[in-house]
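Heads up, the thing below is written out as structure tokens.
Every value quoted in this text rests on a predicted model; they were computed, and no experiment measured them.
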Amino acid sequence: AVTGDAVLIADYKTDQAAPASLAEVPKAYIGQLALYRAVLGRIYPEKTIRAALVFTEGPNVIEVPGAAMDAALAEIVRKITLR
């Protein structure tokens, strides 16, 4: 969703057991959102990019902080650079 000052990414997950907190979210999910955020940041450089995981089981919504996505993106870049 694109608003006047932000872009919100909602990534739906159908895991059978939804995590209860960000600490329980698989790192791959945070990395995936980090990549989406990086792309959207280039398209909408003037907007804040927010992201949340929506687990249909539960249901449960977990917003992923920018710092968590920054760390995940740095790890992805590090792994690519080491190849």
Non-neighbouring partners of Thr3 that pass side chain to side chain contact (heavy atoms under 4.5 Å, CB included), sequence neighbours left out: Asp5, Ala6
Side chain to side chain contact (heavy atoms under 4.5 Å, CB included) partners of Ala10, counting only residues at least two apart: Tyr12, Val54
Leu40 CG to Leu35 CG distance, which is reported to the nearest 0.5 Å: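 Atom-to-atom, Leu40:CG and Leu35:CG are 11.0 Å apart.
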Separation of Asp11 CG from Leu33 CG (nearest 0.5 Å):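 Between atom CG of Leu33 and atom CG of Asp11 there are 5.0 Å.
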Residue pairs passing the salt bridge (charged side-chain N to carboxylate O under 4.0 Å, His left out) test where at least one lies in residues 33-43, sequence neighbours excluded: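 Output for this query lists Arg37-Asp70.
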Using the rule that Ile, Leu, Val, Met, Phe, Trp and Tyr join whenever any side-chain heavy atoms are under 4.5 Å apart, tell me whether [X] and [Y] fall into a single cluster.
X	Y	value
Val2	Ile49	yes
Met69	Val7	yes
Leu73	Ile9	no

Selection residues 58-69 - residue pairs positive for side chain to side chain donor-acceptor pair (under 3.5 Å), sequence neighbours left out: Arg50-Glu63
Pairs involving residues 20-33, ordered by first then second residue, that meet side chain to side chain donor-acceptor pair (under 3.5 Å) (sequence neighbours left out):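 For residues 20-33, and leaving out neighbouring residues, the side chain to side chain donor-acceptor pair (under 3.5 Å) pairs sorted by first residue read Lys13-Gln32, Asp15-Tyr29, Gln32-Tyr36.
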Side chain to side chain contact (heavy atoms under 4.5 Å, CB included) assessment of Ile30 paired with Leu22: CA-CA 9 Å; Ile30 297 171; Leu22 182 62; 3.9 Å; yes
Which pairs of donor and acceptor atoms, one on a side chain in residues 76-83, lie under 3.5 Å apart (sequence neighbours left out)?
residue : atom : partner : partner atom : Å
Arg78   : NE   : Glu75   : OE1          : 3.2
Arg78   : NH2  : Glu75   : OE2          : 2.7
Thr81   : OG1  : Val77   : O            : 2.7

Over all atoms of both residues, closest heavy-atom pair of Ile62 and Ala20: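 Scanning both residues, the minimum pair turns out to be CD1-C, 4.3 Å.
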